[in-house]
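The block underneath contains the structure these notes are about, expressed in structure tokens.
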Amino acid sequence: MEENKSRIGIFVKLMLAVVVLWLVSGWLIVALLDEWADRGTFGDLFGAVNALFSGLAFAALLYTIVLQRDEIRQNREEIVLNRRELSKGAKLQQKAQQVLIQQVEQTHLSAKMNAMRTLVDYYNNQIANPKSSDEVIEKAKQKRKQIIIQIDGLIDGLDNSEAE
């Protein structure tokens, strides 16, 4: 648990560093370039806002994957420990194993759905970005549609008892 808190702290610090760097770059542009035309040209070169949101989306995706991998590892370790503790009663052991396996499967499904949602958000940012080219927007729309179809397939694969 403390390991997750330290990772969250690192993630927050990284995100804060990105935002501070972005703000400092904006301040430097205003301070160093006198003409608005020069500022506009310089800003067009870097696309700072697009880079910021793309970087934040990618960092969030990586962070989500790391957290979900750790959750799955912890669940597997708990399954092993519970198997040892429940070895006395065969029926109780089988039922507990089934429940834990279902939990691992649900965690895996949740991890997959969260990763897909992050990708959809990323493609939405590309589509909404006014600086994106028509080609980039069209590719993002196609990829977003494919992921949404996959999400629908996963949701359709659940029966009502799993959805609760």
Side-chain angles (χ1 to χ4, degrees), residues 1-23 43-44 46-86 91-164:
M1 193 62 141
E2 290 180 29
E3 185 179 338
N4 283 343
K5 287 182 181 179
S6 70
R7 285 188 180 162
I8 289 172
I10 291 170
F11 179 73
V12 169
K13 289 175 186 175
L14 286 173
M15 298 294 280
L16 185 60
V18 169
V19 171
V20 167
L21 183 63
W22 178 67
L23 290 172
D44 288 341
F46 292 98
V49 174
N50 186 29
L52 172 70
F53 286 113
S54 296
L56 292 175
F58 187 69
L61 175 66
L62 292 177
Y63 181 69
T64 302
I65 290 170
V66 167
L67 283 182
Q68 291 168 352
R69 183 189 67 198
D70 289 345
E71 283 182 26
I72 290 172
R73 185 181 322 128
Q74 288 174 353
N75 281 337
R76 287 181 181 161
E77 291 171 1
E78 288 178 16
I79 289 172
V80 170
L81 291 174
N82 286 331
R83 283 182 183 168
R84 290 179 187 155
E85 292 176 11
L86 298 174
K91 287 185 180 181
L92 188 58
Q93 182 180 8
Q94 285 180 344
K95 188 174 182 178
Q97 287 174 352
Q98 289 173 351
V99 169
L100 290 173
I101 289 170
Q102 288 174 350
Q103 286 177 349
V104 169
E105 290 170 353
Q106 288 175 354
T107 301
H108 181 70
L109 179 63
S110 175
K112 190 173 185 177
M113 297 279 283
N114 284 335
M116 288 177 158
R117 181 174 179 257
T118 302
L119 285 172
V120 168
D121 290 343
Y122 173 74
Y123 292 131
N124 284 339
N125 283 338
Q126 283 186 330
I127 292 167
N129 186 348
K131 294 183 181 180
S132 294
S133 68
D134 290 340
E135 181 180 322
V136 169
I137 291 172
E138 188 57 36
K139 283 183 181 180
K141 285 180 179 179
Q142 290 173 357
K143 289 180 180 183
R144 180 184 65 180
K145 183 177 180 179
Q146 291 171 352
I147 293 172
I148 291 172
I149 290 170
Q150 290 176 359
I151 292 171
D152 286 342
L154 289 174
I155 291 172
D156 290 343
L158 298 174
D159 55 12
N160 290 335
S161 64
E162 293 177 13
E164 295 174 8

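- Taking the side-chain hydrogen bond (donor to acceptor under 3.5 Å, both in side chains) definition, one finds that Thr64 meets it with nothing, sequence neighbours left out.
- The shortest heavy-atom contact between Glu78 and Leu100 is O-CD1, 4.4 Å.
- Using a 4.0 Å cut-off between charged side-chain N and carboxylate O, Glu135 and Lys139 make a salt bridge.
- With Ile10 as the fixed residue, the side chain to side chain contact (heavy atoms under 4.5 Å, CB included) test singles out one of Leu14, Val12, Ile8: Leu14.
- In this structure, His108 NE2 and Asn75 CG are separated by 12.5 Å, a value rounded to the nearest 0.5 Å.
- The local environment of CG in Asp134 is sparse, with at most 12 non-hydrogen atoms from other residues, nucleotides or ligands closer than 6.0 Å.
- Using a 4.5 Å heavy-atom cutoff, the side chains of Val66 and Arg69 are in contact.
- In terms of the ring-ring contact (aromatic ring centres under 6.0 Å, His included) criterion, residue partners of Phe11 (sequence neighbours excluded) are, by chain and number, Tyr63.
- Between Met116 atom CE and Gln146 atom CD the span is 10.5 Å, to the nearest 0.5 Å.
- Taken from CD in Glu77 to CG in Leu81, the straight-line distance is 7.5 Å, to the nearest 0.5 Å.
- Among all heavy-atom pairs drawn from Ile127 and Ala140, the shortest one is CG1-CB, 3.7 Å.
- The distance from atom CD of Gln106 to atom CE of Met113, rounded to the nearest 0.5 Å, is 12.0 Å.
- In this structure the side chain of Gln103 never reaches within 4.5 angstrom of the side chain of Ile79, judged on heavy atoms.
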Solution key, residues 117-125 side-chain donor-acceptor pairs under 3.5 Å, sequence neighbours excluded:
| residue | atom | partner | partner atom | Å |
| --- | --- | --- | --- | --- |
| Thr118 | OG1 | Asn114 | O | 2.9 |
| Tyr122 | OH | Gln126 | NE2 | 3.0 |
| Asn124 | OD1 | Arg144 | NH1 | 2.7 |
| Asn124 | ND2 | Val120 | O | 3.4 |

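- By the 4.5 Å heavy-atom criterion applied to side chains, Arg76 and Ile72 are counted as neighbours.
- Rounded to the nearest 0.5 Å, atoms CD1 (Ile137) and NZ (Lys131) are 13.5 Å apart.
- At a threshold of 4.5 Å between non-hydrogen side-chain atoms, the residues Lys145 and Ile148 do not count as touching.
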